[in-house]
Participant: 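Questions regarding the structure given below will be posed in turn.
Naming: A, B, ... by sequence-line order, numbering from 1 per chain. The analysis underlying the following values was restricted to heavy atoms, covering all of them including side chains, and did not include hydrogens, waters or symmetry mates.
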There are 2 protein chains.
Amino acid sequence: MSTEPHLPQSETRDRILDAAERLFMEHGFEGTSMRLITGAANANLAAVNYHFGSKDALIQAVFRRRMTALNEARLAALDRLEAEAGGEAVKPSRIVEAFFGTALELAADAEHGGNTFMRLLSRTYNEPNAFVRQFLAEEYAEVMDRFLGALFRALPGVPRDEIMWRFHYMMGAMSFAIAGIESVYATAGLPCTEEEPSRMRPRLMSFLLGGLRAPLPDFGAAATD
Amino acid sequence: MSTEPHLPQSETRDRILDAAERLFMEHGFEGTSMRLITGAANANLAAVNYHFGSKDALIQAVFRRRMTALNEARLAALDRLEAEAGGEAVKPSRIVEAFFGTALELAADAEHGGNTFMRLLSRTYNEPNAFVRQFLAEEYAEVMDRFLGALFRALPGVPRDEIMWRFHYMMGAMSFAIAGIESVYATAGLPCTEEEPSRMRPRLMSFLLGGLRAPLPDFGAAATD
DNA sequence: GTCTATAATCCGATAGAC
DNA sequence: GTCTATCGGATTATAGAC
């Protein structure tokens with residue numbers, strides 16, 4: 001622990017965010033009551049409404065705290081790659097590294113809640129919750145536009161909808177990678193040895209690039225375009 | 001004999017299962033109240049406890065109704081492949097087809113709720129809900145044991161933990177494939193054209209096999225054994 | 001089997017003292 | 001900022017009439 005130049009404005013506020021992040025990840029939004037959150041954060045029940053206004057506003061605060069930095073890091077990484085390429089298309093493997101590698105770096109940080117947040121984000125991605133989906137779509141808009149555009153330029157011979165599907169599949173693989181493999185070991189009846197975190201990134205990247213570069217599907221006789 | 005000009009209704013129990021399946025998929029377990037379920041099923045609130053005993057028992061009934069058939073179909077497909085192979089190892093692509101293709105066939109059945117169920121199953125897979133995880137682990141035990149074993153024999157040069165991770169990644173990709181790609185189009189600001197369902201299977205299979213057959217990851221300088 | 005009514009508990013939010 | 005107390009509404013589950 002290093003000495004910090006200034007203490008946070010409200011440590012109660014941060015404790016609530018930490019507790020909410022973990023409990024939302026474990027039990028979902030509807031399954032996590034404000035009493036559970038404030039209890040875990042050693043705070044008073046009324047503190048949530050004082051600091052955030054409502055439970056929905058707390059949910060947004062939990063995401064905003066880390067999403068901005070994550071997506072800015074992704075955009076910075078892509079900026080760097082495009083500057084190095086100097087007008088040429090960036091290699092697909094570098095684009096995938098910039099998007100998913102940045103996320104894995106955050107997920108590798110278990111001490112400061114990065115892993116918890118990435119698991120929450122993965123879980124939330126497919127939750128058809130109205131206002132959370134809207135919020136995430138806005139947060140992701142620029143990043144998705146830039147990275148899909150880079151992949152379109154990097155793979156000019158591949159149909160764009162095919163690229164979007166494969167990007168979607170890659171998100172699913174990353175989501176499960178972050179969630180952990182305990183379920184596979186558990187259902188297979190095998191003991192789950194603790195995975196070396198540094199192995200996750202090359203492991204996942206090999207799979208993602210293999211899938212992205214796979215031969216295009218054959219839709220059968222009907223497809224002629 | 002009476003003709004049936006009245007409600008073409010199935011049993012109340014089945015209507016409850018159908019409504020619960022859909023609402024659990026849309027709002028999660030905790031986000032779905034029994035009032036919402038019985039309201040959508042045109043049933044009385046007390047009917048859930050009469051037919052199932054409790055909300056948790058209803059959740060298990062929703063899964064049991066379809067999981068047994070799905071996993072039996074998977075095992076039957078693998079039995080067929082192993083019989084054809086006659087002692088030789090089954091090709092990895094056939095094993096992947098048997099496991100994930102069977103799931104996609106159920107997901108392609110939108111009229112009888114198969115698609116709804118597969119979306120629910122995908123959503124539930126990573127939900128760290130205690131009793132649901134335990135239940136699913138038991139349901140999956142035999143299938144996972146058989147299919148992982150088949151992959152181990154089909155890929156004798158690949159470390160077993162690597163195969164398990166790639167199987168886990170494939171589950172994630174399938175999960176997102178079934179959940180739909182609307183989110184990608186939405187965050188990219190593009191209109192989402194309705195996808196031809198028959199294209200999903202070859203699309204996903206190309207990606208899965210590309211990932212499964214990808215070069216093994218290089219864990220870096222530390223590995224020297 | 002279906003229904004009404006209600007018990008017992010939990011929820012998010014807020015008023016107001018300090 | 002933190003706390004107690006509480007409101008109004010929602011939840012699961014059950015008792016009992018028909």
Side-chain angles (χ1 to χ4, degrees), chain A residues 6-65 120 124 127 129-132 134-135, chain B residues 2 4 6-65 120 124 127 129-132 134-135:
Chain A
H6 48 77
L7 289 172
Q9 187 68 18
S10 166
E11 73 174 28
T12 298
R13 195 186 138 96
D14 291 332
R15 287 204 315 275
I16 290 174
L17 284 172
D18 290 339
E21 187 174 63
R22 179 174 59 85
L23 291 167
F24 287 154
M25 181 269 286
E26 291 175 358
H27 307 118
F29 303 123
E30 314 250 16
T32 304
S33 69
M34 294 173 57
R35 283 169 174 81
L36 195 64
I37 295 169
T38 52
N42 271 334
N44 188 270
L45 170 62
V48 169
N49 272 285
Y50 174 79
H51 285 286
F52 302 96
S54 69
K55 185 180 181 179
D56 279 3
L58 170 62
I59 294 174
Q60 293 200 17
V62 166
F63 281 99
R64 216 187 317 267
R65 180 167 67 146
L120 169 62
T124 306
E127 273 197 29
N129 181 312
F131 95 98
V132 176
Q134 173 67 20
F135 173 75
Chain B
S2 67
E4 314 286 341
H6 301 290
L7 309 166
Q9 68 184 16
S10 49
E11 210 56 38
T12 298
R13 192 188 141 93
D14 290 330
R15 289 203 315 276
I16 290 174
L17 284 172
D18 289 338
E21 186 173 64
R22 179 176 60 83
L23 292 167
F24 286 155
M25 182 269 287
E26 291 174 358
H27 307 117
F29 303 123
E30 314 253 14
T32 303
S33 69
M34 293 175 53
R35 280 171 171 80
L36 195 64
I37 295 169
T38 52
N42 271 334
N44 188 272
L45 170 62
V48 169
N49 272 285
Y50 175 79
H51 285 285
F52 302 97
S54 70
K55 185 180 179 179
D56 279 3
L58 170 61
I59 294 175
Q60 292 200 19
V62 166
F63 281 99
R64 215 187 318 267
R65 180 167 68 146
L120 170 62
T124 306
E127 274 197 27
N129 181 313
F131 95 100
V132 176
Q134 173 66 20
F135 173 75

Participant: Between C/dA13, D/dA13, C/dG1, which nucleotide gets closest to the side-chain atoms of B/Tyr50?
Facilitator: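 When the side chain of B/Tyr50 is considered, C/dG1 is the closest of C/dA13, D/dA13, C/dG1.
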Participant: Just the rounded figure in Å: distance from P of C/dA7 to CG of B/Asn49.
Facilitator: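 It is 17 Å, rounded to the nearest whole Å.
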Participant: Does A/Lys55 reach the main-chain N or O of A/Asn49 with its side chain, forming a donor-acceptor pair under 3.5 Å?
Facilitator: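 Pair absent, no side-chain N/O of A/Lys55 close to backbone of A/Asn49.
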Participant: Is the shortest side-chain N to carboxylate O distance from B/Asp18 to B/Arg65 below 4.0 Å?
Facilitator: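 Yes, B/Asp18 and B/Arg65 are salt-bridged.
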Participant: With a cut-off of less than 4.0 Å, is there a side-chain N or O of A/Ser33 near OP1 or OP2 of C/dC10?
Facilitator: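 For C/dC10, OP1/OP2 do not have a side-chain N/O of A/Ser33 under 4.0 Å.
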Participant: Please give, in whole Å, the distance from C/dC11 P to A/Leu58 CG?
Facilitator: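 Rounded to the whole Å, the gap is 15 Å.
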Participant: Round to the nearest Å and state the distance from A/Ile16 atom CD1 to D/dC3 atom P.
Facilitator: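 Distance, rounded to whole Å: 10 Å.
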Participant: To the nearest angstrom, how far is A/Glu30 atom CD from D/dT11 atom P?
Facilitator: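 The answer, rounded to whole Å, is 10 Å.
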Participant: OP1 or OP2 of C/dG12 sitting under 4.0 Å from any side-chain N/O of A/Ser54?
Facilitator: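 Answer no for this pair, as no side-chain N or O of A/Ser54 is under 4.0 Å from OP1 or OP2.
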Participant: When you check the gap from the basic side-chain N to the acidic O, do B/Glu11 and B/Arg15 get nearer than 4.0 Å?
Facilitator: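 No, this pair does not count.
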Participant: Given D/dC3, C/dT4, C/dA13, identify the nucleotide with an atom nearest to the side chain of A/Ala46.
Facilitator: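 Of the candidates, D/dC3 comes closest.
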Participant: Want to settle it: does A/Leu45 or A/His51 sit nearer the 5' end of DNA chain D, counting the closest nucleotide to each?
Facilitator: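 Looking at DNA chain D, the more 5' nearest nucleotide goes with A/His51.
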Participant: Send over the distance from A/Arg35 CZ to D/dA5 P, rounded to a whole Å.
Facilitator: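 It works out to 14 Å between those atoms.
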Participant: Expressed as a whole number of angstroms, how long is the span from A/Leu36:CG to D/dT11:P?
Facilitator: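 Atom-to-atom, A/Leu36 to D/dT11, this comes out as 19 Å.
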Participant: Do side-chain atoms of A/Thr38 reach the backbone of A/Arg35 as a donor and acceptor pair under 3.5 angstrom?
Facilitator: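 Side chain of A/Thr38 to backbone of A/Arg35, a donor-acceptor pair under 3.5 Å: yes, one is there.
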Participant: Kindly say if B/Thr12 contacts the phosphate of C/dT2, meaning a side-chain N or O under 4.0 Å from OP1 or OP2.
Facilitator: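 So the side-chain polar atoms of B/Thr12 do come within 4.0 Å of the phosphate oxygens OP1 or OP2 of C/dT2, strictly under.
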Participant: For the atom pair CD1 (B/Ile59) and CZ (B/Phe135), what is the distance rounded to the nearest 0.5 Å?
Facilitator: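 B/Ile59 atom CD1 to B/Phe135 atom CZ measures 10.5 Å (nearest 0.5 Å).
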Participant: Which part of the nucleic acid, if any, lies within reach of A/Thr32 when heavy atoms closer than 4.0 Å are counted: base, sugar-phosphate only, or nothing?
Facilitator: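 Counting heavy atoms under 4.0 Å across all strands, the contact made by A/Thr32 is with sugar-phosphate only.
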Participant: Calculate the interatomic distance between A/Phe52 atom CZ and D/dG1 atom P; express it in whole Å.
Facilitator: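 It is 12 Å, rounded to the nearest whole Å.
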Participant: When you measure from the side chain of B/Asn44, which nucleotide among D/dA13, D/dA5, C/dC3 comes out closest?
Facilitator: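 My answer, after comparing the listed nucleotides, is C/dC3.
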Participant: Within this structure, what is the CE-to-C1' distance between B/Met34 and D/dA13, rounded to whole angstrom?
Facilitator: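 Distance check: B/Met34 CE to D/dA13 C1' gives 7 Å.
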